[in-house]
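I have placed the structure first, in the form of structure tokens, so that the comments after it can refer back to it.
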Amino acid sequence: MVKVGIIGTGWFSGVHAKILSNMQGVKIKAICGTSKEKAEKFASSYGDVNSYGNIAEMLDSDKLDAVYVCVPPFAHGEIELELLTREIPFLVEKPLSVDLEVPTKVITKLNEKSIITSVGYHFRYKDSVSYLKNELKNCTLGMATGEWMGSMPTVPWWRNQQTSGGQFIEQTTHLVDLLRYTIGEVEEVYASYASRSLSTQYEGVTVADVGTVAIKFSNGVIANLSNTCLLPEGDSMVGLDYYTNKGILRLGFNGLEISKKGETSSVKEVVNPYEKENEAFIHAVRTGDPSLILSDYRDSYKTQEVAVAAQVSAEKGLPVKLTK
């Protein structure tokens, strides 16, 4: 029986808890929230689960085989370092933090250990992404464009640059990660961000509400990612377009659309990527084989580097080269 602890009581914790509770040979043993009361309320849906308001108390009291870390960007750091000290495998939701300070500390300690890790870039596990990667092997990719256009989440920490990292780091990071996964490593970024309307509509808004980032890959491919969080709720557009010598590949939430010389086809999603992500992590914890994990902490650090470099570029108004 794989005994699991979950840190956090928000939406993502619920996504993982629901999947874990239906997996054979897995037991949600403990929940830790910002208060014991929050943890108890969350845990009430999952049977006999211990509740805590303190991470050290949870780890001291329950012998856990793995821990899920589902906390806001600003809350990362001490949790991961404590889990590494205790040599407990963990799955952490993206982004890794608001900048590179915490992830660098975690990577330094992780390099001293042999601990199984996974990061919640669940789009990698989609059927359409697997198909897309195979398609790209048989053509020459020229460029890619993408967008994450939507409204601003209502939680107060999201609108604060210091606690969320901004939209590109907190949300659009999914697209950054998919570009790395399907194209290769990034050489340079050049970003431009602006604040157009949200700072006049809500108090305490310090994040940019529009932005665009030019990305140069080491293999010569170029890309552009744009995002906004000023749209009214109900309006959104999220996806990636790949332009190749064979045609256009359009990746969206619901699947992949393929256009070759005007003839179109599509690939629909069959497997729930969250389930596949969880199965890969639990398999690794159970067997010691991490080969099914498509995004571990070391790899995700590179995605974080790109997203943070874009923030630096926007602040300085200059291109930023990434170190190899």
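Looking at Ile183 and Asn219, their side chains come closer than 4.5 Å, going by heavy atoms from C-beta outward. Between Cys229 and Leu198, some side-chain heavy-atom pair lies under the 4.5 Å cut-off. Met58 is not listed as a side-chain neighbour of Asn50, based on a closest heavy-atom distance of 4.5 Å or more. For the pair Ile115 and Leu84, the minimum side-chain heavy-atom distance is below 4.5 Å. The shortest distance between side-chain heavy atoms of Lys246 and Lys261 does not fall below 4.5 Å. Looking at heavy atoms from C-beta onward, Thr244 lies out of side-chain contact with Glu135 at the 4.5 angstrom threshold. Contact check for Tyr52 versus Ile31: no side-chain heavy atoms found under the 4.5 Å cut-off. The closest side-chain heavy-atom distance from Ser313 to Leu318 is not below 4.5 Å.
Within a 6.0 Å sphere centred on CD of Glu187, heavy atoms belonging to other residues, nucleotides or ligands number more than 12. The environment of Arg196 atom CZ is sparse: at most 12 non-hydrogen atoms of other residues, nucleotides or ligands sit within 6.0 angstrom. The number of heavy-atom neighbours closer than 6.0 Å to CD of Glu263, taken from other residues, nucleotides and ligands shown, is 12 or below. More than 12 heavy atoms of other shown residues, nucleotides or ligands fall within 6.0 angstrom of atom NZ in Lys109. More than 12 heavy-atom neighbours from other residues, nucleotides or ligands sit within 6.0 angstrom of OH on Tyr301. Residue Asn272 qualifies as enclosed at atom CG: its count of foreign heavy atoms under 6.0 Å is above 12. Around atom NZ of Lys276, more than 12 heavy atoms belonging to other residues, nucleotides or ligands sit under 6.0 Å away. In the displayed structure, Glu315 atom CD is contacted under 6.0 Å by more than 12 heavy atoms of other residues, nucleotides or ligands.
Both Ile282 and Val49 sit in one connected hydrophobic cluster of ILVMFWY residues. Membership requires side-chain heavy atoms under 4.5 Å apart, directly or through other members. Under the 4.5 Å side-chain heavy-atom criterion for Ile, Leu, Val, Met, Phe, Trp and Tyr, Ile7 and Val98 are members of distinct hydrophobic clusters. No path of Ile, Leu, Val, Met, Phe, Trp and Tyr side chains, each step under 4.5 Å between heavy atoms, connects Met143 with Leu251, placing them in separate hydrophobic clusters. No chain of hydrophobic side-chain contacts below 4.5 Å, direct or via other Ile, Leu, Val, Met, Phe, Trp or Tyr residues, connects Met149 to Leu179.
Across Leu59, Leu91, Ile79, Val4, a single residue satisfies side-chain contact (heavy atoms from CB on, under 4.5 Å) together with Val67, and that is Leu59.
Aromatic pair Tyr46/Phe42: ring centres closer than 6.0 Å. Residues Tyr68 and Phe12 place their aromatic rings such that the two centres sit no closer than 6.0 Å.
The pair Asp60-Arg86 counts as a salt bridge, with a side-chain nitrogen and a carboxylate oxygen less than 4.0 angstrom apart. Between Arg159 and Asp209 there is no salt bridge, since no side-chain N of the basic residue sits under 4.0 Å from a carboxylate O of the acidic one. For the pair Glu82 and Lys105, the salt-bridge criterion is not met [side-chain N within less than 4.0 Å of a carboxylate O].
Judged purely by atom type and a 3.5 angstrom limit, Arg124 has no side-chain atom pairing as donor or acceptor with the backbone of Pro273. For Glu305 (side chain) and Leu322 (main-chain N/O), no donor-acceptor pair under 3.5 Å exists by modelled atom type. At least one donor-acceptor pair under 3.5 Å links the side chain of Lys94 to the backbone N or O of Glu170. Under the 3.5 Å distance criterion, the side-chain polar atoms of Asp62 are left unmatched by any main-chain donor or acceptor of Leu64. Judged by distance alone, the side chain of Thr182 and the main-chain N or O of Lys133 form no donor-acceptor pair under 3.5 Å. Side chain of Asn245 to main chain of Thr140: a donor-acceptor pair is present (N/O by atom type, distance under 3.5 Å, no hydrogens or angles). A distance-only check finds no donor-acceptor pair linking the side chain of Asn224 to the backbone of Thr145 [under 3.5 Å]. For the pair Ser164 (side chain) and Gln161 (backbone), a donor-acceptor distance under 3.5 Å is absent. The backbone N or O of Leu256 lies less than 3.5 Å from no partner atom in the side chain of Ser128, so there is not a single donor-acceptor pair. Side chain of Asp127 to main chain of Val270: a donor-acceptor pair is present (N/O by atom type, distance under 3.5 Å, no hydrogens or angles).
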Point to revise | Ile215 and Val213: CA distance, side-chain angles, deciding distance, side-chain contact (heavy atoms from CB on, under 4.5 Å) verdict | key: CA-CA 6 Å; Ile215 303 171; Val213 181; 4.0 Å; yes
Check your understanding: Could you walk me through whether Val320 and Tyr190 pass the side-chain contact (heavy atoms from CB on, under 4.5 Å) check?
Key -> CA-CA 6 Å; Val320 172; Tyr190 187 18; over 6 Å; no
Point to revise | Worked verdict on Thr212 versus Ser192 for side-chain hydrogen bond (donor to acceptor under 3.5 Å, both in side chains) | key: CA-CA 6 Å; Thr212 189; Ser192 181; over 6 Å; no
Exercise for review: With side-chain contact (heavy atoms from CB on, under 4.5 Å) as the test, would you mind laying out the steps for Thr172 and Gln167 before giving the verdict?
Suggested key: CA-CA 6 Å; Thr172 316; Gln167 185 179 14; 4.0 Å; yes
Exercise for review: Determine, step by step, whether Val92 and His76 satisfy the side-chain contact (heavy atoms from CB on, under 4.5 Å) criterion, reporting the C-alpha distance in whole Å, the side-chain angles of both residues, the deciding distance to 0.1 Å, and the verdict.
Suggested key: CA-CA 9 Å; Val92 57; His76 291 286; 3.3 Å; yes
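For the atom pair Asn254 CG and Glu269 CD, the distance stands at 7.5 Å (nearest 0.5 Å). Here the CH2-CE distance, from Trp148 to Met237, works out to 14.0 Å after rounding to the nearest 0.5 Å. Between the OG1 atom in Thr264 and the CD1 atom in Ile258 there is a gap of 9.5 Å [rounded to 0.5 Å]. One distance of note links CG of Leu83 with CG of Leu110; it measures 11.5 Å at 0.5 Å rounding. Once rounded to the nearest 0.5 Å, the distance linking CD1 of Ile19 with CD of Glu275 reads 5.0 Å. For the atom pair CD1 of Ile222 and OH of Tyr243, the computed distance is 12.0 Å after rounding to the nearest 0.5 Å.
The minimum heavy-atom distance linking Asp99 with Glu101 is given by the pair OD1-N, 3.1 Å. Residues Lys41 and Ser44 share a closest heavy-atom pair of O-OG, 2.6 Å. Closest heavy-atom contact between Pro103 and Gln304: CG-CG, 4.3 Å. Heavy-atom minimum distance, Ser118 versus Ile293: OG-CG2, 3.8 Å. What you find for Asn160 and Thr206 is that their closest heavy atoms are CA-OG1, 3.3 Å. Heavy atoms only, all atoms of each residue included: Ile28 and Ala17 are closest at CD1-O, 3.5 Å.
Using modelled atom types, one finds no donor on one side chain facing an acceptor on the other under 3.5 Å when comparing Glu279 with His283. Side chains of Thr303 and Tyr181: no donor on one and acceptor on the other come within 3.5 Å. Side-chain contact, Ser197 with Gln201: a donor N or O sits under 3.5 Å from an acceptor N or O.
Ring geometry, Phe168 versus Tyr193: the interplanar angle falls from 30° to 60°, so the pair is classed tilted. Between Tyr274 and His122, the ring-plane angle classifies as parallel under the 30° and 60° cut-offs.
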